[in-house]
Structure formats: C-alpha cells, structure tokens
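Given the structure is predicted, the values throughout are model-derived calculations rather than measurements.
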Amino acid sequence: MVRLTPKTLNLSDGEREQLQQLINRHNTPQQIVLRAKIILMASDGQNHRQIARSLDMNRQMARLWRNRWLETDPKDLSIFQRLQDQERIGAPVKFSMEQVIELFALACSPPEDYGRPIMLRGTSKLLTPGVRFAIL
C-alpha cells in the first residue's frame, strides 16, 4: 500500500519567529493561534495525523491549513493575512453604498420635506420618495 506523505513545508527563520510571536501574543484570536501552531508543527516534519492528535482536531483541518499556507507562499501577504479565512461568497449586493447613504438621509429627514404627513412615517413609506428621487 502506497503511503502519501504531506507536502514539505519549509519556513524561514523570520517566518518561524513571527508565527511564534502570534502564538505568544495575548490578543491574537484563537483561530489564528491554532493555525500558526499547525504551520509550525508541519514545518517540523509532522504529518496531518500527528498534528491533529496533538492539537485535538481533525486531519482535514491540518491538511487544509498546510495546503493553504503553501498556496499563499509566493503571494505578497503578511503572516497574519495568510492565516486568515478566505472571503466567503455571499449574495450579490442589492444596493450600492451611495444608495444606502441616500436612503439614510431620506429616513432621517422630516417627512414634510417630501410632502408626507408625519403620521405616515415608516420604512414602507420610504419606498415612494426613494423611487421618485431615483435612489432605488
């Protein structure tokens, strides 16, 4: 049976020192600390199973962060940025920032400025002036 060894991870002395500083810092988020420990252990030659066992996590997470570290190696990112989550894909933006700012201005202005009696003020009543002034 062929046993696959994980990709080798070589750290420079500067990278190793920065990772150790992140681990020792008291205000570093624990997710970042865990990821830094994974990278340090991987650079010491430990495989995914050994890393997972000593850090009490699953092998997939050790594999993920070793591979992500290797993928971001040639990029111009700081150590902290390399250990952060990737941006998640979400729903497309429905309103531009300019539209949101104009809606806030509309919501904060007196209703009389738009020909509305004060009793009709509410979120559903903002739609008509918003459409009329081409905000939405």
Test side chain to side chain contact (heavy atoms under 4.5 Å, CB included) on Asp44 and Arg16; report intermediate values, then the result.
CA-CA 11 Å; Asp44 291 337; Arg16 183 176 291 281; 3.3 Å; yes
Between Ile23 and Thr28, is a side chain to side chain contact (heavy atoms under 4.5 Å, CB included) present by the stated rule, with each step listed?
CA-CA 7 Å; Ile23 291 171; Thr28 305; over 6 Å; no
Evaluate the side chain to side chain contact (heavy atoms under 4.5 Å, CB included) criterion for residues Leu83 and Gln31: first the C-alpha distance (whole Å), next the side-chain angles of each, then the deciding distance (0.1 Å), finally the verdict.
CA-CA 9 Å; Leu83 295 174; Gln31 289 178 329; over 6 Å; no
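Hydrophobic clustering (side-chain heavy atoms under 4.5 Å, transitive across Ile, Leu, Val, Met, Phe, Trp, Tyr) groups Ile51 together with Leu64.
With a 4.5 Å cut-off on side-chain heavy atoms, Leu22 and Val33 do not count as touching. The side-chain heavy atoms of Met61 and Leu34, taken from C-beta on, include a pair separated by under 4.5 Å. The shortest side-chain heavy-atom distance between Lys37 and Ile32 does not fall under the 4.5 Å cut-off. Residues Gln20 and Asn24 meet the side-chain proximity criterion, which asks for heavy atoms closer than 4.5 Å.
Between atom CD of residue Gln60 and atom CG of residue Asn67 there is a gap of 11.5 Å, rounded to the nearest 0.5 Å. Note that CG of Asn58 and CZ of Arg63 are 9.0 Å apart. Values are rounded to the nearest 0.5 Å. Considering CG of Leu40 and CD1 of Ile38, their distance stands at 10.5 Å, rounded to 0.5 Å. For the atom pair CD (Gln46) and CE (Met41), the distance works out to 4.0 Å, reported to the nearest 0.5 Å. Taken from CZ in Arg59 to CZ in Arg53, the straight-line distance is 9.0 Å, to the nearest 0.5 Å.
A cation-pi contact, defined as under 6.0 Å to the ring centre and within 45° of the axis, is absent between Arg66 and Trp69.
Put simply, the side chain of Gln18 never gets that close to the backbone of Glu15: no donor and acceptor are under 3.5 Å apart. Between the side chain of Gln99 and the backbone N or O of Ser96 there is at least one donor-acceptor pair closer than 3.5 Å.
Within a 6.0 Å radius of CG in Asp56, other residues, nucleotides and ligands contribute 12 heavy atoms or fewer. Atom CG of Asp76 has 12 or fewer heavy atoms from other residues, nucleotides or ligands within 6.0 Å.
Between Glu71 and Arg82, no side-chain nitrogen of the basic residue sits less than 4.0 Å from a carboxylate oxygen of the acidic one, so the salt-bridge criterion is not met.
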